[in-house]
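Only one structure is covered here, and it is reproduced in the block below.
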Number of protein chains: 4
Amino acid sequence: MTASKNKARIPVQKRSIETREKILNAAWELFAEKGYFKTNTNELAERAGIATGSFYGYFNNKKEVGIELMRRFYKEASEKALSNFYIQIGNNVAENLDTGRKLVRFIIKSLKESHAINPMLHKETTALILLDEDVRKISKEEDKKIITFLITFLQQYKQLIRVDDIEAAAIMLFRISDEIIHRIMINKEEIEEERLLGELEDMICSYLFITVT
Amino acid sequence: MTASKNKARIPVQKRSIETREKILNAAWELFAEKGYFKTNTNELAERAGIATGSFYGYFNNKKEVGIELMRRFYKEASEKALSNFYIQIGNNVAENLDTGRKLVRFIIKSLKESHAINPMLHKETTALILLDEDVRKISKEEDKKIITFLITFLQQYKQLIRVDDIEAAAIMLFRISDEIIHRIMINKEEIEEERLLGELEDMICSYLFITVT
Amino acid sequence: MTASKNKARIPVQKRSIETREKILNAAWELFAEKGYFKTNTNELAERAGIATGSFYGYFNNKKEVGIELMRRFYKEASEKALSNFYIQIGNNVAENLDTGRKLVRFIIKSLKESHAINPMLHKETTALILLDEDVRKISKEEDKKIITFLITFLQQYKQLIRVDDIEAAAIMLFRISDEIIHRIMINKEEIEEERLLGELEDMICSYLFITVT
Amino acid sequence: MTASKNKARIPVQKRSIETREKILNAAWELFAEKGYFKTNTNELAERAGIATGSFYGYFNNKKEVGIELMRRFYKEASEKALSNFYIQIGNNVAENLDTGRKLVRFIIKSLKESHAINPMLHKETTALILLDEDVRKISKEEDKKIITFLITFLQQYKQLIRVDDIEAAAIMLFRISDEIIHRIMINKEEIEEERLLGELEDMICSYLFITVT
DNA sequence: AATGAATGAGAATTCATTCAT
DNA sequence: TATGAATGAATTCTCATTCAT
């Protein structure tokens, strides 16, 4: 079951890679339009402009597409975040509280951007994580990467930070930011985005840093 | 209104109410065992000890059972929380920070207990909220109730609280606590429960209250 | 795999038994017309005058129908043979060679009749036995019954029979008669049926009985 | 003629003949491992070390490979039998009963060896003969050759043989020996091989020859 | 009201064969 | 000639819901 037949090719030729890409793009669109569960492999193939059977030359099933897309999602989001990060904050270790707040703001902004990439897909992915063991495993791995990054990051700010348990703090930081942004994007809390994000920022800052401005 | 056939009766007779109850209990069990999606109506009926067709005398479709169950879930959780609340904290307005931290601790504990009622069902419900518009609507209503309660509650603590936007604070409080507990219950973060909950408590206290002990 | 889901009902009610019978009759016809492999479950349902899904209420898959049919085939054939047997030969132990030859003739005739019931189905069943482990197992059981019967039978003729190894003789008797008849029915040997059956009779008689007339 | 595209070349060049051979060897292996029906053309090509499409340069379809293999099977078996035959029995016409029994023993042994070449393949071929008209035709032709040989052969033993209808006898001889050996090889009758083969020999001898030793 | 058989639209997947490169 | 990606009809099986009894 786990290590199944794996009949799907690993494409190397340009044409194959393109077809694989076509499938992923179709899935990206369709999952965003109708959601993962309401999209079937036939539609997927049709939208990709290929035959039903061709789909199975590239993926063993729909879930594999979902997982690949989730991976890309994570990758795109974290790459975007990281690249922006060094532009905005720079490589220098933060020296003052202002930088601390800037940092928090930046983290929130980055996560928000990542959610904005494809909100429906993000939502579907979140559901899939809840419903499927395999998907959950992958998402955990990816989350781990982000958290690890946050840990090393927070450690650079050590002198500013009043929290002892950096690891727990990083997890907290990631989870609550992600959750609040998720709520804003999807569930449309009956409250203005700015108010909620403002409080989120305040909360994190008051938690992380010795004095709150 | 227009489209809904609504053939399911609202049972008044004792026997009917019992049958309805049997269905809900069966669903509670099965959704917990295999999840909402992997349970089919035949199993549901069988477990409830009724005929397949009889199910539709009590519910218009499978989703309705899910929604009803979710409602009960919320109700059970919040009733439990509220009843415990007044026993522990009392009706008196809090007068010191100690009470503040106690309050936070209590909220966390209550939420945790609500998650513990039926973790699998909670997970499935969460997924369903993401995937289904109707379910989402109901959950919003229920969330609203909780948030409203938290707002009135926080207002009683006004003099201890440094936050201006009580409404946003209540939402934050609810969302992040719920999320962190959810992660602990389901995803098994690679961190000890106590550490994470400790930080959560700290974070909320440092955010809500003027001075952190 | 072996002891699978078994979702098919075991029908008790008259209506259910009728439907099951309709499916088996449809299969009997279709397997005879187009063969087992070229018939699919949709056709089977259609011919039976039921919906596709209904089929799966009675059988878990096509193979189950095949096995059931094979069982009936065996049963019908052996019941026919046995009932005829006592009418023709009577219950008395044979006393002369004439009875011996009569017996052989009768066995051949019975087997021939069983093949004639539904030649195509018989052919398909034979193929299925070769190709499918489960089917092979069942056919072995059924064959065993026939062979056991032949053994007890030959033992009644002991004083006429020159063969020591009655068990081996019974198996031989069954297998070669079946094979020759099968060839006549299906493969249409380029030889007249009577000639071949005549030789078969001679061969068995000269093998079994002390003197050949 | 009309419908057959016959695009597969008849290879003459050494390299082409080698490729064809590679395909046949792959099929020989795979059909023996998994059977004809469970082997697909992709596997076949892969095992042969060629591209999927290339397969159709050498054979018009999968069935053709099966037929070719069956032909080789027959050829290999009969060649083996024949070559051994003249070594063991010699060209001289048999002069005594001992030679008669020797002959029978030899025929049985030869058939047994032919079954032993590749039992699984033999089984699959037998099924294919039952299921496919074309395959059946070819097998009939090949069987005819064997039977013809047996006829000429038995005629050489005329003075020892009590049977009038030599043709029918030859067919009988072939069919029953083949069947019994087939049962021994594949179906594993619940009886020791030696017992069954011993009876087979006895039966044929008592049938063919005037006096049984 | 209860029963449980019947429905039938779907969905996933396979694979012999073709065809563009 | 060789390649291997593409084809798409075909097949199996599921399940929420309906309906005759």
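Side chains included, hydrogens not; waters and symmetry mates left out as well; all remaining heavy atoms used. Chain identifiers are assigned alphabetically (A, B, ...) following the order of the sequence lines, protein sequences preceding nucleic acid strands; residue numbering begins at 1 within each chain.
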**Prompt:** Does Glu43(A) have any salt bridge (charged side-chain N to carboxylate O under 4.0 Å, His left out) partners at least two apart in sequence or in another chain, and if so, which?
**Reply:** Lys34(A)
**Any residue meeting side chain to side chain donor-acceptor pair (under 3.5 Å) with Glu142(D), in chain and number order, not counting sequence neighbours** = Lys145(D)
**Prompt:** Starting at the 5' end of DNA chain F, what dot-bracket string do you get if Watson-Crick and G-U pairs under 3.5 Å are bracketed, crossing pairs use [ ], other-strand pairs use | and unpaired bases use dots?
**Reply:** .||||||||||||||||||||
**Request:** Apply side chain to side chain donor-acceptor pair (under 3.5 Å) to Arg71(A) and list each qualifying residue two or more places apart in sequence or on a separate chain.
**Result:** none
**N/O (side chain, Thr41(B)) to phosphate O (OP1/OP2, dA16(F)) under 4.0 Å** = yes
**Integer-rounded Å distance: dT12(F) P and Phe59(C) CZ** = 15 Å
**Item:** Where protein sits on nucleotides 1-8 of chain F, one letter per nucleotide: B base, S sugar-phosphate only, - none, heavy atoms under 4.0 Å
**Value:** SSBBSBBB
**Message:** Restricting to salt bridge (charged side-chain N to carboxylate O under 4.0 Å, His left out), what partner residues turn up for Arg15(C), sequence neighbours left out?
**Reply:** none
**Message:** Can you tell whether the side chains of Glu141(A) and Lys137(A) come within less than 4.0 Å, N to carboxylate O?
**Reply:** no
**Message:** I need the CG-C1' distance between Asn61(D) and dC15(E), as an integer number of Å.
**Reply:** 14 Å
**Message:** For Glu46(A), give me all partners under salt bridge (charged side-chain N to carboxylate O under 4.0 Å, His left out), at least two apart in sequence or on another chain.
**Reply:** none
**Set of residues satisfying side chain to side chain donor-acceptor pair (under 3.5 Å) with respect to Glu133(C), sequence neighbours excluded** = Arg136(C)
**Test salt bridge (charged side-chain N to carboxylate O under 4.0 Å, His left out) applied to Glu18(D) - qualifying residues, sequence neighbours left out** = none
**Prompt:** Tell me: CD of Glu18(C) to P of dT21(F), nearest whole Å?
**Reply:** 12 Å
**Prompt:** Contacts to DNA chain F from residues 23-40 of chain A, heavy-atom cutoff under 4.0 Å, which residues?
**Reply:** none
**Separation of dC15(E) P from Leu44(D) CG (nearest whole Å)** = 13 Å
**Asked** Just how far, in rounded Å, is P of dT12(F) from CD of Glu43(C)?
**Response** 9 Å
**Prompt:** How long is the line joining OH of Tyr56(D) and P of dT18(E), in whole Å?
**Reply:** 7 Å
**Request:** Rounded off to whole Å, could you give me the NZ-to-P distance for the Lys63(D) and dC15(E) pair?
**Result:** 19 Å
**Prompt:** Applying salt bridge (Lys or Arg N to Asp or Glu O under 4.0 Å), which residue pairs with at least one partner in residues 47-57 of chain A are found, sequence neighbours left out?
**Reply:** Glu29(A)-Arg47(A), Glu33(A)-Arg47(A)
**Asked** Under 4.0 Å: is that the gap between some side-chain N or O of Lys7(C) and OP1 or OP2 of dT14(F)?
**Response** yes
**Prompt:** So, Glu21(A) and Arg72(A), do they make that salt bridge, N to O below 4.0 Å?
**Reply:** yes
**Prompt:** Could you give all pairs that pass the salt bridge (Lys or Arg N to Asp or Glu O under 4.0 Å) test and reach residues 49-63 of chain A, with sequence neighbours left out?
**Reply:** Lys63(A)-Asp132(A), Lys63(A)-Asp134(A)
